[in-house]
Amino acid sequence: MKSKIFTTKTLRRNGSIMRSSVRQLHILLFMTLCLCVSAVITNAQIAVKGETVWTMAGEPISNGVVLIKDGKIEAVGTEGQVRIPTNYRVVSAKVVTPGLIDARTVVGLNGYLGQPHDQMAIDRSSSVQPELRAIDAYDARERLVTWLREFGVTTLHTGHQPSALISGQTMIVKTTGNTVEEAMIKQTAMISVALGQSGMGGQGRSPGTRSKAAAMLRAELIKAQESAKKDDPPNDLKGEIMYRVIKGEVPLLVYAERSIDIMTALRIADEFKIKIILEGAADAHMHLDEIKASGFPVILHPTMARSGGDRENLSMETAGKLKAAGIPFALQSGYEGYVPKTRVVLFEAGVAAANGLSRRDALASITIDAARILGIDNRVGSLAVGKDADIALYDGDPLEYATHCIGTIIDGNIVSEVER
Amino acid sequence: MRSILLCCLAVLLFAGATSAQDQAVAFVNARLIPIVGAPIENGTIIVQNGKITAIGPSASVKAPAGADIRDVAGKVIMPGLVDTHSHIGGPAGADSSGPIQPDIRILDSVDVRSPGIQKAQAGGITTVNVMPGSGHLNSGQTLYLKLRDGAGKIDDLLIFDKDGNYAGGIKFANGTNPIRTTGGGFPGTRARSAALVRGQFIKAQEYRDKIKKAGDDASKLPARDLAMEALVEVLDRKRVVHFHTHRHDDILTVLRLQKEFGFRLVLQHVSDAWMVADEIAAAKVPASIIFLDSPGGKLEAKDISGENGAALEKAGVLTGFHTDDGITDSRLFLRSGGLAVRAGMSREKALYALTMANAIMLDLQDRVGSLEVGKDADLIVLSGDPLSVYTHVLETWVEGQKVFDRTNPKDHLLAVGGFRVGESILLDHIYCFDNTLGGGN
């Protein structure tokens, strides 16, 4: 991998590619630069100009300007409407969008190497571990966090992977900061539940069947229900968090790919009157009516996910069908066991746009619609006055293969200027 | 009853298709990207008897009388894509009995009814190198296939040379995949891996010498050894080595082996190509690369770069792309070209790397990889720019037969996915064809 200080452009200009003998030095230089960037360009006053500005809060603006002050969006409008003060640094791009939101990933808990020491999104000692917090396992400096940031992704809903019946908690972070605390938006976002093959215990441990999985999940919810009836929050870590689930404070993020698992998820949500978000949902195209009637949103599998197993029936057209049915949905990079270690939601949205989703709706699925599902649309997801200044800059149609992300801004700080 | 009717319909359609082979098909008013030669803005291409018979500007190329004329104005036509590295058809090569198994033929394990093959057609792939995996230093002989329609047996997909031999290479791998701690003759280190491979090649040289010495005296011939026979084909430069290799030092090890034994070589994956592009160029060896959406996932791919394409192009290496399906999806093979351009490769070389470069690597450059008169009529009709995310493969043609049509609901499902796309729908389809071919099940 080239050092990040060499953009593709400089690579071509220099006419030579970095040699391994000097690689270490370059990595050092890069790290130093990174630190400098986040240290120096802090809360600067910036004017972002775009030939097209997708605010996601209305029609795209031609020749638009976004003013940033103290980390927040100060003004949005056309060049005619918004006067750029002389002391503002001006940054220009062909296309400007809100910072992208990956509505479901495991990045930061799982690292890019794919080795046991950097894979922390699943603990296999038990099938039911809702007490596991994502904050205790997130590496803010993980290379995949940087990788996603360089494509314009500014917010991650990340956490424990859907590889156990209840694998743990998820959280919402910005793709910035040197510590998880600096990155944090929401410490406890959801609880990851997996139905179907992925939720099986394995090695003789329950659940071993779909019915057993449902029975175990119901048993946990009944326990929580009884505490709730007594209005008595349990004094143990597992009980505490399940109590918050039954109280409706923390939703279950239910990984359900097959028809049968989607229906089980809806049945259990209805039985316990809890909030769920469906994730994966490869068979959602067969249950548009039921999902719509439930009112629950879907964080859909990556458009380019591999079909097979519980995902045998997935379709690149499902995003378009969810949109047409009026079901709120967002796209995810999801969990990958092998390569690529993470997907990039920008790419997934592009292929969805080629398969039945409008470009605008494709962008919405990785910005404002994702923010709404995650309950953070008061802060991110669109370019509107008062919101966090999280912005992505592109040299063309963001969804197109050969377009580059040329800059990323988080909380008013320019956190990436490479060409990706 | 319904399926019988469907089958009857299929018989009729198939019969029609067969006679259509003799009939010329003229695609008119398309943007043609022949790969060899400049694009033709308003072009006509004519195919007949499975071959390309004419190509040029519509003003100068006239369809013969009686031709099936297809107006494809606004569409783009380019050669069928060639994939140098795929695992469609669920092939299972070498087993756990040892690290080097050149006697294994992937021919004996490809499921021609696998939906993966139809999905590859949907992605515009017409020629593919189906390989065994990389868990061995040598996992067996590979197979170059034409993705013809209605195959009931592997013979229906083979590519034969003028002597009647079917085309294929042989798969080697180094790096961590073949390393096993379980013993059983498998290597535990990189140096052991190289030593084991060298040892086998030296054995093959001796086997070849014995055959040479025996001359016409059959009694002096060594006992037949299937593994040695395959390696002798490699030493005689008749069988191309496809070498799975990721890390920069592993790539150089492959080049060292190639220099020592003189075999013909295609580097496969080559994740660190950007670090050793000049060395690859100096060895005059082609490279087939893959594009992943992020680095890592395994240690050897931690430095994989989208800029491999640009770096190899700059160094002057013959560069192709592959899907490694199921690592990446055959239906999205064109995307590799888009990502290559995103990371600095020229459009021309990216399109070349999806077609002609791969044809050269498979020794099929006289038959596929470009739109030229006399070549196989393998082409794809696209809705627009081949390197745009919004472009779809509309039709795929192999040897003058349409094998994929996006307007056909079944084919559309194959292209995008849906309920049991891989299973019942297709099996119906194939069984019908199979009956017409008298294959049975």
Side-chain angles (χ1 to χ4, degrees), chain A residues 1-2 6 8-9 11-12 15-20 23 107 111-115 118 143-144 147-148 259 282-283 285-286 304-308 311-318 333 336-344 347-348 350-351 353-356 359 397 399-404 420, chain B residues 115 119 248-249 271-272 274-278 290-299 301-307 310-311 314-315 324-329 331-332 334-344 347 350 387-392 412-413 415-423:
Chain A
M1 184 56 50
K2 78 188 168 82
F6 286 121
T8 336
K9 208 179 268 169
L11 172 81
R12 284 198 293 269
S16 70
I17 204 148
M18 178 183 60
R19 310 298 302 186
S20 46
R23 203 171 130 236
V107 161
Y112 83 116
L113 295 175
Q115 300 302 303
D118 78 341
R143 188 169 167 197
L144 293 179
W147 180 256
L148 294 178
S259 161
D283 285 359
H285 54 81
M286 301 179 210
M304 292 185 277
R306 298 175 181 96
S307 59
R311 281 181 167 170
E312 179 199 349
N313 303 322
L314 69 74
S315 164
M316 298 182 203
E317 293 181 338
T318 303
S333 65
E336 292 290 342
Y338 190 47
V339 298
K341 200 56 204 168
T342 185
R343 295 177 184 272
V344 181
F347 298 159
E348 305 301 330
V351 176
N355 287 281
R359 280 200 298 164
D397 173 3
L399 302 176
E400 190 52 275
Y401 289 147
T403 295
H404 306 100
R420 271 279 176 230
Chain B
K119 287 182 180 175
H248 55 96
D249 51 337
S271 295
D272 286 354
W274 62 270
M275 299 184 200
V276 288
D278 291 339
I290 188 168
F291 291 84
L292 300 178
D293 286 9
S294 58
K298 58 185 288 184
L299 277 180
K302 74 182 175 61
D303 293 321
I304 192 170
S305 171
E307 287 166 27
K314 190 176 173 300
D324 199 7
D325 191 329
I327 295 298
T328 68
D329 192 328
R331 295 175 301 179
L332 294 158
L334 280 169
R335 179 171 182 260
S336 304
L339 295 181
V341 171
R342 184 183 195 120
R347 279 180 58 87
L387 301 182
S388 167
V389 68
Y390 303 111
T391 294
H392 291 298
H412 181 88
L413 266 185
V416 301
F419 183 59
R420 289 197 176 155
V421 164
E423 306 273 334

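Each chain gets a letter, A, B and so on, in the order its sequence line appears, and its residues count up from 1. Any value given below was found using the heavy atoms of this structure, including those in side chains, with hydrogens, waters and symmetry copies removed.
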Non-hydrogen atoms of chain A under 4.5 Å away: do they reach the side chain of [X], the backbone, both or neither?
{"X": "B/Arg331", "answer": "side chain"}
{"X": "B/Leu332", "answer": "side chain"}
{"X": "B/Ala415", "answer": "backbone"}

Best-contacting candidate, [options], against chain B by heavy atom pairs under 4.5 angstrom:
{"options": "A/Asp397, A/Val344, A/Leu148", "value": "A/Asp397"}
{"options": "A/Glu400, A/Lys341, A/Met286", "value": "A/Glu400"}
{"options": "A/Ala282, A/Pro340, A/Gly114", "value": "A/Pro340"}
{"options": "A/Gly350, A/Ala402, A/Gly308", "value": "A/Ala402"}

Most chain A-contacting option - heavy-atom pairs closer than 4.5 Å, from [options]:
{"options": "B/Gly338, B/Ala340, B/Ala301", "result": "B/Gly338"}
{"options": "B/Leu292, B/Leu299, B/Asp329, B/Leu339", "result": "B/Leu299"}
{"options": "B/Gly326, B/Gly337, B/Ala315", "result": "B/Gly326"}

How many angstroms lie between atom CG of A/Asp283 and atom CG of A/Asn313, to the nearest 0.5 angstrom?
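Those atoms lie 4.5 Å apart.
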When you compare the side chain of [Y] with that of [X], does any pair of heavy atoms fall below 4.5 Å?
{"X": "B/Val416", "Y": "B/His392", "answer": "no"}
{"X": "B/Asp325", "Y": "B/Lys119", "answer": "no"}
{"X": "A/Leu399", "Y": "A/Arg359", "answer": "yes"}
{"X": "A/Leu144", "Y": "B/Ser294", "answer": "yes"}

Is the NZ or CZ atom of A/Arg306 both under 6.0 Å from the centre of the six-membered ring of A/Tyr338 and within 45° of that ring's axis?
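So A/Arg306 doesn't make the cation-pi contact.
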Could you tell me which non-hydrogen atom of B/Gly306 sits nearest to which non-hydrogen atom of B/Phe291, and how far apart they are?
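Looking at all heavy atoms of both residues, the closest pair is O-CE2, 3.4 Å.
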I'd like to know if the side chain of A/Glu336 pairs up with that of A/Thr342 as donor and acceptor (distance under 3.5 Å, no hydrogens or angles considered).
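Note: A/Glu336 and A/Thr342 side chains miss the donor-acceptor criterion.
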With a 4.5 angstrom heavy-atom cut-off, is it the side chain or the backbone of A/Thr403 that approaches chain B, or both, or neither?
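Contact with chain B is through the backbone of A/Thr403 alone.
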